[in-house]
Amino acid sequence: MAVSDHVNLEQFMEGLKRRNPGENEFHQAVYEVAVNIFDYIADKEVYHEAQILRRMAEPDRVVSFRVCWEDDRGNVRVQRGWRVQNNNSIGPYKGGLRFHPSVNQSILKFLAFEQTFKNSLTGLPMGGGKGGSNFNPKGKSDNEIMRFCQSFMTELYRHVGEDTDIPAGDIGVGAREIGFLFGQYKRITNRFVGVLTGKGIEFGGSRIRPEATGYGAVYFMQYMLERIGDSVEGKSCLVSGSGNVAQYAIEKINQLGGKVVTASDSGGFVHDPHGIDAERLAYLMDLKNVRRGRLTEYAEHFGCEYVAGERPWKVPADLAFPCATQNEISTAEAETLIHNGLRGVSEGANMPTEQDGIHAFTKARILFAPSKAANAGGVAVSGLEMSQNAERRSWTEDELQESLRSIMKGIHDRCVEHGGGEGDGYNDYVRGANVAAFIKVADAMLAFGVV
Ligand code: NDP
């Protein structure tokens, strides 16, 4: 009997914390998976012996580098950049880049770990990675953003490639930043290849990539509701965030007949009982994407309430779509949502609910779609962008819309297969997602031997 047989969940987590001191988000993400996987592999010796979970929680590599750039006044600025390549057992590393002052190694390791599972769930051949910088894009001119992106790529290009590691956007990295990054990659390497996804349509981007994460999170909710004979139509919905994921979640909820009454940014949230309909969403998109303004302006413009420094979770509603950032639903807020009659949560953001909050939702038998399943639509369409780039052609919007729906349905069904919800029973989508994603990556790792 191998020594590893004797490691239980607590010992596993103690070891992880010892090896990764102070990396709380990473501990949290691994724990959320390990709880289910220890249970699942209890009678599956082969995974214990090969130390599969331990290996999955040790990134293949973490690259950290200095990024120097000059601001518009000629001051030299120094930032830190990272790329975490977590696991490439089922395909090249794939995952976004985040530019935000809160970015650190713990956050990127949590995101890269999660990404490995998420990418597995899509059914596409993609491993897991994540990267970014503590650079704050807020308030910077386009030229400053360009200079930063060029400097960042001047180091990153050594570590990425269309068959090695294919980054994309995330918080603070949208179409503008991807354009600057791709331009610099092409300039340095003299190669036009699909090394990034989320590109502009003119230079190899995929249709519906901007919409995919938000749309996918709403489709997932629709599939959960359909399973119990219900739908999004007529439901009041809380959305947090007002960036890429939030905007397209709002659009899809509207298309399916739901009503969105909140949106938020890092300053607070807006409560709009009229509903953020198509016209108001167009205003919001212009405000956030073009004018890069604050939500207070939305509240002033439409004469609705703005609550500074708070999140939307006290507003009573049927469904919640957290689409801003990690740990944005505390356990107390989860309890409030449950108390107010919430029926379902679909996580557009990565790990937006605290661990005990998830437990509260599942205990109350609320439909709960964890981020690694609910927001996988974005990376799935990125995977399709990679295929289009490799084929040097672009697929139609109809083809891509259909692919996104069918991928989200496939993820939903895999979560039901492993979530214990036979028949009409309550399905544990957290367990379902973790186990389904684990099996594929773990079996590939077993095939490779000890590497
Ligand atoms: P954006 O940068 O487009 O938008 C982020 C939104 O969240 C903004 O409204 C921002 O407010 C708000 N926000 C950011 N940080 C905080 C914070 N610390 N507290 C409160 N609000 C905050 O990012 P995305 O929409 O792309 O990403 C949102 C989430 O979705 C992230 O968790 C990301 O990892 C996840 N995700 C994104 C995917 C994608 O395809 N883009 C794919 C899968 C997951 P402000 O305007 O004030 O900055």
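Sequence positions, counted from 1, serve as the residue numbers for this chain. Both ligands and their constituent atoms are indexed starting at 1 by order of listing.
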Original post:
Taking the non-hydrogen atoms of R294, is any one of them nearer than 4.0 angstrom to ligand 1?
Top reply: yes

Subject >> Contact with ligand 1 for Q247, non-hydrogen, under 4.0 angstrom >> reply: no

Has ligand 1 got any nitrogen or oxygen that is less than 3.5 angstrom from a nitrogen or oxygen of [X]?
X	answer
R209	yes
Q326	no
K130	no
V245	yes

Original post:
What is the closest protein heavy atom to atom 46 (O) of ligand 1, and at what distance does it sit?
Top reply: K288 NZ, 3.2 Å

Subject >> Protein heavy atom at shortest distance from atom 29 (C) of ligand 1 >> reply: A324 O, 3.2 Å

**OP:** Taking only heavy atoms of N375 into account, list the atoms of ligand 1 that are under 4.0 Å away from them.
**Re:** 43 (C), 44 (C)

Subject >> Close-contact set for ligand 1 against H100 heavy atoms, below 4.0 Å >> reply: 15 (N)

Original post:
What do we get for E328 next to ligand 1 when only non-hydrogen atoms under 4.0 Å count, side chain, backbone, both or neither?
Top reply: neither

**OP:** Report, as yes or no, whether the 6.0 Å neighbourhood of atom CZ on R80 holds more than 12 heavy atoms from other residues, nucleotides or ligands.
**Re:** no

Original post:
In terms of side-chain heavy atoms, does E354 have a donor or acceptor partner in S330 at a distance below 3.5 Å?
Top reply: no

Original post:
Is K186 close enough and on-axis enough to F192, meaning under 6.0 Å and within 45°, for cation-pi?
Top reply: no

**OP:** From the options W69, F99, F135, F180, select the one residue that forms a ring pair (Phe, Tyr, Trp, His ring centres under 6.0 Å) with F152.
**Re:** F99

Original post:
Mind checking whether Y215 and Y219 have parallel, tilted or perpendicular rings, split at 30° and 60°?
Top reply: perpendicular

Original post:
Should the pair F113 and F26 be assigned to parallel (<30°), tilted (30 to 60°) or perpendicular (>60°) ring geometry?
Top reply: perpendicular

Original post:
Are F302 and H274 near enough that their ring centres are under 6.0 Å apart?
Top reply: no

